[in-house]
Amino acid sequence: VSFASLIFSGALSQFITAGVGVALFSAMVVAAITALKGGLAGTIASPQDKSAALFAGVAAAMAAAFPADTSPDIIFATVLMGLVLTSLLTSAGFFLLARLRVSHLSRHIPVAVIGGLIAGTGWLLIEGAVGVMTGGVSVGGALDSAALALWLPGLGYASVMAFVLTRSASPLTLPALLLGGVVAATGNTPPGARPWAASTAKVRSPLAQLGLLRRLTRGLRRSGRRT
């Protein structure tokens, strides 16, 4: 959900509900395929924060390239298909590396390049996190009193999660922390400021109109029956 909020922000914020749905569905598909077809038992696949930070920049650049009179549905569909094609091309690249058995070449990537990538994506995550928690305020304006009241609770919650998870081995710890965070955020947020309170019917997802989600679900069911 937080990754979708990071990607579908700014000009794409009106499609946050559809973005969250697509993100959750994608995570479900990746986890199911990895669990059923993965070579290592017990492997858990989940979306990566570094990819979400990069996708956020790509989505913002694509949305800004459209003329001002462009239909929002067209912008959303184009951005979504761009993210899908990027994911498919990345998957194809990893597949070719594994197929050709040349993944060892990654050892020759300079440390400075890897460090720069990690530092850059880390900064994008910080910038995106502050923007999501404050409603679009940049890191430069995060020290204002109004912005501090919005992102400091998130920082405190993240610190509590990091502290508890490093000292508890129970599988129920993370779900309990997430549920507690949702309850706390809902109880302390005015009803008019809750973006999730808006009806999902107001967001017309091009994927839903085309019926692609239904087709994907049917395809997964058929492949499951064959196996």
Legend entry - Exercise: identify the closest heavy-atom pair between L177 and Y157: O-OH, 2.6 Å
Inset, instruction - Verify, without hydrogens or angle tests, whether T34 (side chain) and V30 (backbone) share a donor-acceptor contact under 3.5 angstrom. - result: yes
Inset, instruction - Indicate the atoms forming the closest heavy-atom contact of T166 with F163, along with that distance. - result: OG1-O, 2.9 Å
Legend entry - Pairwise distance CD1(I7) to CG(L12) - rounded to 0.5 angstrom: 10.0 Å
Inset, instruction - Consider only side-chain heavy atoms of I, L, V, M, F, W and Y, link residues closer than 4.5 Å, and tell whether V84 and L24 are in one cluster. - result: yes
Legend entry - Co-members of the apolar cluster containing L54 [side chain, <4.5 Å]: L124
Inset, instruction - Taking the side chain as every heavy atom from C-beta outward, state whether V22 and F8 have any atom pair closer than 4.5 Å. - result: no
Inset, instruction - For residues L105 and V102, determine if any side-chain heavy atom of one lies less than 4.5 Å from a side-chain heavy atom of the other. - result: yes
Inset, instruction - Say whether F94 and L100 are linked into one hydrophobic cluster, either directly or through other cluster members, by side-chain heavy-atom distances under 4.5 angstrom. - result: yes
Inset, instruction - Might you point out which heavy atoms bring V137 and A147 nearest each other, and give the distance in Å? - result: CG1-CB, 4.3 Å
Inset, instruction - State, to 0.1 Å, how close Q14 and P72 come at their nearest heavy-atom pair, and which atoms those are. - result: NE2-CB, 3.5 Å
Legend entry - CE on M133 to CG on L152, rounded to 0.5 Å: 8.5 Å
Legend entry - Single-linkage hydrophobic cluster V113~V111, side-chain heavy atoms < 4.5 angstrom: no
Legend entry - same_hphob_cluster(L178, L165) at 4.5 Å side-chain heavy-atom cutoff: yes
Legend entry - Under 4.5 Å side-chain linkage, directly or through intermediates, the cluster mates of L89: none
Inset, instruction - Working to the nearest 0.5 Å, report the span between CG of L83 and OG1 of T78. - result: 11.0 Å
Legend entry - Nearest atoms (heavy-atom pairs only) where M161 meets L174: CE-CD1, 3.5 Å
Inset, instruction - Measure centre to centre between the rings of F15 and F76, then say whether the value is under 6.0 Å. - result: yes
Inset, instruction - For a side chain to side chain contact (heavy atoms under 4.5 Å, CB included) with L150, tell me which candidate from D144, T134, V130 qualifies. - result: T134
Legend entry - Partner residues of T173 under the side-chain hydrogen bond (donor to acceptor under 3.5 Å, both in side chains) criterion, sequence neighbours left out: S168
Inset, instruction - To the nearest 0.5 angstrom, please state how far the CD1 atom of I75 sits from the CG atom of L80. - result: 13.5 Å
Legend entry - Any F55 side-chain heavy atom under 4.5 Å of S87 side chain: yes
Legend entry - Hydrophobic cluster membership, M81 vs I16, 4.5 Å side-chain cutoff: yes
Legend entry - Any donor-acceptor pair under 3.5 Å from R107 side chain to H104 backbone: yes
